[in-house]
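First comes the structure, then the notes that go with it.
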Protein chains: 2
Amino acid sequence: MSKPTKLADIAALAGVSTATVSRALSGHPSVSKATQARIQALAREHDVRPNQLARNLRLRSTGAIGLAMPLGHARTQHLTDPFFLSLLGYIADLLVDRGYDVLLSRVLPENGDWLDRLVDAGRVDGLLLIGQSDQYETIERVATRYGPLVAWGVHRDGQRHLAIGSDNIAGGRLAAEHLLERGRRRLLFVGDPAPPEFADRLAGFAAAARAAGVRAEVLATAMDPDRVHAAMRTRLAVGTLPDAIFAASDVAAMSVLRAVSEAGLDVPREVAVIGYDDVTLAAHTSPPLTTIRQDLARGAALMVERLLARVAGEAAEHAVIVPELVVRAST
Amino acid sequence: MSKPTKLADIAALAGVSTATVSRALSGHPSVSKATQARIQALAREHDVRPNQLARNLRLRSTGAIGLAMPLGHARTQHLTDPFFLSLLGYIADLLVDRGYDVLLSRVLPENGDWLDRLVDAGRVDGLLLIGQSDQYETIERVATRYGPLVAWGVHRDGQRHLAIGSDNIAGGRLAAEHLLERGRRRLLFVGDPAPPEFADRLAGFAAAARAAGVRAEVLATAMDPDRVHAAMRTRLAVGTLPDAIFAASDVAAMSVLRAVSEAGLDVPREVAVIGYDDVTLAAHTSPPLTTIRQDLARGAALMVERLLARVAGEAAEHAVIVPELVVRAST
DNA sequence: CAACGTTATGCAATCGATTGCAATAACCTT
DNA sequence: AAGGTTATTGCAATCGATTGCATAACGTTG
């Protein structure tokens, strides 16, 4: 034998059966102290560890959780938004702490069976979706036959798949109320109003404005920085200036800040800017960005906790994170 | 049978053997057209797909690549730096495109066998390390016995593990030369000089300054935003003001920008600021950040390409990305 | 000393898919 | 009709670890 790699090799070396090696390594009590010590020493010496594939096959559990990010509308070719990446980071941390591996898939949903493939491949014990994208229907369909599935996103009445998300309507309302309180009257929403989450933010924002007798203007744009910046610059060049801007995300808000300062306007004196998410960098822009905070650590914890409950066969329901206003210097 | 889940179930339904089902699903030519169509229809109808675990065990390949981020010095509890996350995104994209799954591990190296565990668990065909952190020795040791391993980071003479990284010395030099060209004479480096990559950036920076007869001051600090900000504020409160600051990363540069503008100093008139990495947001700070660009897309492609070569048993060598100066408004 | 308990170990089945080889059926050739 | 192809399909071993049950070796007790 050239180099021992599997338990059977160690068994041969130690002159015992594979069964004993398996038991010795897992600390099974029915192996004698002496044998156990001897086998563990041999295994360590030769860098032999149980093959996880075989182990999982036998135990009918994979010890892995799938983490997928459906990129339906955001056709950006890769993972960019720090909000999602940060959520991903938190989730990965929590799962690793609980002894799970994380199987990452970025998905460009071309046909309707991407989720079936993920589910039926049998590589994971459960699946987390970071965002629903425009795949709401697909997720609903698969959720009827596959339990351990949790998504970050909105929960609608009658929804069958388990979703954790923040209350975007409340968040939009918070933003509007804060700006109104600051005496602003010419409100502008900047972002893509199509995805459900952004739609809710705008809805809450517009409703609160309406309640105060103020009209909220909408500047619809794709969400990547360059497009937001361009749209904003164009808007600032013509028509009445807004005195307050609500960006659909912090990343968008940074582009807004830049366009505003390039137009020679002072933030917040002439124009107030508020973002959404409270990503790490929001505290470090200049001026630091007022924003609506989504408690990601809590969101991630909820997703993981409910998913693992489902994995264990227990019931688990959707949950809503309450957003929070974080006032900094940009408003 | 309650619900068909495996190939044997389909075999029973179709009245054939498991072998035939396996061949039918994989499009093996020796199965008759009729049988193949019938079996594929059955499998689709019942959402049955081959169990990947069993498949991989049999084929002795996992179809997965491990992606680990050793967090040795940066004890931040989770993945935050957009540079690394962006690299992660690119890599994940490339691997998924080539049909690999990505097994993500965040590693807090507590003892020296974290890498052995990753390697010996047999869950992946190869391993990518995003950063060397302070684990250079461990990586070197494991690389002597495990080939398919590629790290992002520095390559030193005589190094045994395969690393892809940018030329940080050249990058530091670029930064210094640019600042000197702008007439700056009181240079300050801000960051943690311990990790090899930052050490190189500082070395190149200091060498170029020395060559111009200028001394570069070093403000050593941990890299998380709050610490950088605090260190910078303290520094600006006392002593001679620098007229140019080189931050070890763009994220650090953002904290620097904030501290500088809070101190009432104008960027770039009174103080020039230059970062490193050219993360997406660097173009969107105010003022937009001059920085040293590392071509991440190319770096990721190189890492994946060389790793897969190693996985296929071919030789592959280290590579160096040439950094590039990107001039924006902060200098 | 026989009967029994205890402790440590091995045997062999199992998880589910793949594949070399053998076997069968169907068809062709002369 | 016998011998020869060819097209399909099945048998059974294999990947490597786990574990219920059986068994061997030893000690204990009446």
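Here is how names work: the chains are called A, B, and so on, in the same order as the sequence lines, proteins then strands, and each is numbered from 1.
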For T35(B), report the nucleic acid contact type (base, sugar-phosphate, nothing); a contact means any heavy atom under 4.0 Å. sugar-phosphate
Residue of the set V150(A), V154(A), L162(A) for which side chain to side chain contact (heavy atoms under 4.5 Å, CB included) holds with H318(A): L162(A)
Name the nucleic acid region contacted by S30(A), choosing base, sugar-phosphate or nothing; use a 4.0 angstrom heavy-atom cut-off, strictly under. base
Got L296(A) and F83(A) here, is their nearest side-chain heavy-atom distance under 4.5 Å? yes
Which pairs count as salt bridge (Lys or Arg N to Asp or Glu O under 4.0 Å) when at least one residue sits in residues 31-48 of chain B, sequence neighbours excluded? R145(A)-D47(B)
Check whether any side-chain N or O of Q36(A) sits under 3.5 Å from a backbone N or O of G27(A) as a donor-acceptor pair, and report yes or no. no
Counting N and O atoms only, with roles assigned by atom type, does the side chain of S26(A) sit under 3.5 Å from a partner on the main chain of S22(A), one being a donor and the other an acceptor? yes
Within the distance-only criterion (no hydrogens, no angle test), does the side chain of E140(A) pair as donor or acceptor with the backbone N or O of H161(A) below 3.5 angstrom? yes
Describe the nucleic acid contact of V16(A) in one word from base, sugar-phosphate, nothing, applying a heavy-atom distance below 4.0 Å. sugar-phosphate
L115(A) side chain near Y146(A) side chain, heavy-atom distance below 4.5 Å: no
Does R306(B) reach the main-chain N or O of E317(B) with its side chain, forming a donor-acceptor pair under 3.5 Å? yes
At 4.0 Å (heavy atoms only), tell me whether V31(B) reaches a base, stays on the sugar-phosphate, or touches nothing. sugar-phosphate
Of R55(A) and R23(B), whose nearest nucleotide on DNA chain D comes first from the 5' end? R23(B)
With heavy atoms under 4.0 Å as the rule, sort L59(A) into base, sugar-phosphate or nothing. sugar-phosphate
Look at all strands and tell whether R58(A) reaches a base, only sugar-phosphate, or nothing, counting heavy atoms closer than 4.0 Å. base
First encountered from the 5' end of DNA chain D, between L57(B) and S32(B): S32(B)
Anything under 4.0 Å to a heavy atom of chain B counts; send over the first and last such nucleotide of DNA chain C, read 5' to 3'. dG16(C) to dG20(C)
Check whether R310(A) reaches the backbone of A316(A) with its side chain - one donor and one acceptor, N or O, closer than 3.5 Å. yes
If you fit an axis to the five pairs at each end of the helix from dC1(C)-dG30(D) to dT30(C)-dA1(D), how big is the angle between those two axes, to 10 degrees? 60°
